[in-house]
Amino acid sequence: MVGRVQPDRKQLPLVLLRLLCLLPTGLPVRSVDFNRGTDNITVRQGDTAILRCVVEDKNSKVAWLNRSGIIFAGHDKWSLDPRVELEKRHALEYSLRIQKVDVYDEGSYTCSVQTQHEPKTSQVYLIVQVPPKISNISSDVTVNEGSNVTLVCMANGRPEPVITWRHLTPLGREFEGEEEYLEILGITREQSGKYECKAANEVSSADVKQVKVTVNYPPTITESKSNEATTGRQASLKCEASAVPAPDFEWYRDDTRINSANGLEIKSTEGQSSLTVTNVTEEHYGNYTCVAANKLGVTNASLVLFRPGSVRGINGSVSLAVPLWLLAASLFCLLSKC
């Protein structure tokens, strides 16, 4: 805020005399000539504001005032603010220059002119605009599928910024309404990903920030591939599953868990697993079970390693019922890292 210097008590009589000579009798600090109206000047925060005032002759006595008091009386500066100076491009100009304008500078400014004939005032209202700035946004969040999620995005600016949300998917869906809070009821796995908050007003480019939403869900087998195998050759069974967090895999032959040993090799990466038989023999033919589990659940798929030309080879993979106790045991073992 443009301030003013408090006069020394010893100088008070002199100050009062000067003001009486400068300002007309009965003219208050915020007096306005309503016949002239009020001019609005809009300036962006950080820019320089020029408040124009032109006198009729060099003998006019002039002062600049605002809601806090006197800024300039003649050429004497009363304000302590180093940002404030007079702008005089010619002899009759008495404009006020405010550098690095801030929101607390907003308000009414009055140029008071005492001519030889009558007092005149010109009032200017300074409007300070502020670019949008996101001040608070939700942190990245992880939830289980089906939960309710509330994302928060708050922004400052003048005029007040408009808030919009967008889900950063190939469709780029924008959510209706201009709200600081985005509520997602019963979130699904398809609604995971990044959400963009945009705060915009007419002052400058929008401020944009993102929130990542991770949705946990139990495993689902997306692909299971049985295989035809010739004795003496290498063969693989493959199993893929979708889950968040990524699933752990186990392989079973009938009810017996399989480990990487005795010519069998298990390789598991995020979302997929394979069981490779390095040298197929007659005892390797039959049914195998791929089990995928995370902290939210367990699922399985049955696969077959079959001889060339068998009926199972024609039909492809075979889905078999797996005993409930086996699923429970698999989940316990995966979660306990047994």
Side-chain angles (χ1 to χ4, degrees), residues 1-56 59-89 92-115 117-133 135 155-161 201-204:
M1 181 183 296
V2 178
R4 60 191 177 111
V5 179
Q6 296 298 328
D8 187 84
R9 289 183 178 275
K10 295 180 179 180
Q11 297 179 335
L12 189 56
L14 177 60
V15 170
L16 292 175
L17 179 61
R18 292 176 62 185
L19 287 178
L20 287 173
C21 294
L22 175 65
L23 301 176
T25 303
L27 181 66
V29 168
R30 300 180 66 181
S31 174
V32 181
D33 184 353
F34 290 100
N35 293 326
R36 295 195 57 178
T38 301
D39 295 326
N40 290 339
I41 293 182
T42 301
V43 180
R44 189 169 66 174
Q45 184 184 42
D47 289 352
T48 298
I50 304 294
L51 310 185
R52 299 295 181 189
C53 183
V54 178
V55 298
E56 296 179 356
N59 297 322
S60 299
K61 295 180 173 60
V62 195
W64 270 107
L65 313 94
N66 67 359
R67 60 187 180 277
S68 299
I70 301 171
I71 305 171
F72 272 92
H75 290 85
D76 294 337
K77 182 178 180 180
W78 285 49
S79 172
L80 289 172
D81 195 331
R83 302 172 303 134
V84 181
E85 296 292 342
L86 286 179
E87 177 94 354
K88 292 181 67 66
R89 294 179 298 178
L92 300 181
E93 183 175 12
Y94 193 77
S95 299
L96 186 68
R97 182 175 67 245
I98 307 174
Q99 297 177 334
K100 297 180 180 178
V101 170
D102 211 335
V103 291
Y104 49 74
D105 295 316
E106 184 169 289
S108 180
Y109 292 76
T110 301
C111 178
S112 179
V113 181
Q114 176 65 58
T115 67
H117 306 290
E118 60 179 346
K120 294 182 179 180
T121 60
S122 174
Q123 190 174 58
V124 178
Y125 195 91
L126 178 63
I127 300 172
V128 180
Q129 292 186 328
V130 181
K133 181 69 175 178
S135 57
N156 299 319
R158 301 175 74 177
E160 185 175 350
N201 65 13
E202 61 195 46
V203 181
S204 67

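When a residue number appears, it is its place in the shown sequence, counting from 1. The model shown is predicted, which means the values in this text are computed figures rather than measured ones.
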* Asked: Tyr94 side chain to Gly74 main-chain N or O, any donor-acceptor pair under 3.5 Å?
  -> yes

* To do: State, yes or no, whether a side-chain contact exists between Asp105 and Leu126 at a heavy-atom distance under 4.5 Å.
  => yes

* Structure fact -> Residues passing the side chain to side chain contact (heavy atoms under 4.5 Å, CB included) test with Gln99, sequence neighbours excluded, are Thr48, Arg83, Arg97

* Asked: Is the NZ atom of Lys133 crowded by more than 12 outside heavy atoms at less than 6.0 Å?
  -> no

* Roughly how far apart are Leu65 CG and Ile71 CD1, rounded to 0.5 Å? -> 7.0 Å

* Asked: Got Cys111 and Leu96 here, is their nearest side-chain heavy-atom distance under 4.5 Å?
  -> no

* Rounded to the nearest 0.5 Å, what separation is found between the CD atom of Glu93 and the CD1 atom of Ile50? -> 8.5 Å

* Asked: Can you check whether Val128 reaches Val43 side chain to side chain, under 4.5 Å on heavy atoms?
  -> no

* Derivation and outcome, side-chain contact (heavy atoms from CB on, under 4.5 Å), residues Cys53 and Val113 -> CA-CA 9 Å; Cys53 183; Val113 181; 4.2 Å; yes

* To do: Heavy atoms only: give me the nearest Trp78-Ile70 pair and the separation to one decimal.
  => CB-O, 3.4 Å

* Contact check, side chains of Leu92 and Val55, non-hydrogen atoms, under 4.5 Å -> yes

* Are Ser95 and Val54 side-chain neighbours, meaning at least one heavy-atom pair lies under 4.5 Å? -> no

* Asked: Is there a donor-acceptor pair closer than 3.5 Å between any side-chain N or O of Ser79 and the backbone N or O of Asp81?
  -> yes

* OG/Ser122 to OH/Tyr109 distance, rounded to the nearest 0.5 angstrom? -> 14.5 Å

* Rounded distance (nearest 0.5 Å) linking atom CD1 of Ile41 with atom CD1 of Ile98 -> 9.0 Å

* Closest heavy-atom contact between Arg67 and Gly107? -> NH1-CA, 3.5 Å

* To do: Could you tell me whether the side chain of Asp39 and the main chain of Leu51 form a donor-acceptor pair under 3.5 Å?
  => no

* **Listed partners of Pro161 passing side chain to side chain contact (heavy atoms under 4.5 Å, CB included), at least two apart** => Pro132, Ala155, Ala199

* Structure fact -> Residues at least two apart in sequence or cross-chain that pass side-chain hydrogen bond (donor to acceptor under 3.5 Å, both in side chains) with Asp102, listed by chain then number, are Gln45

* Do Glu160 and Asn201 come close enough that some side-chain heavy atom pair is under 4.5 Å? -> no

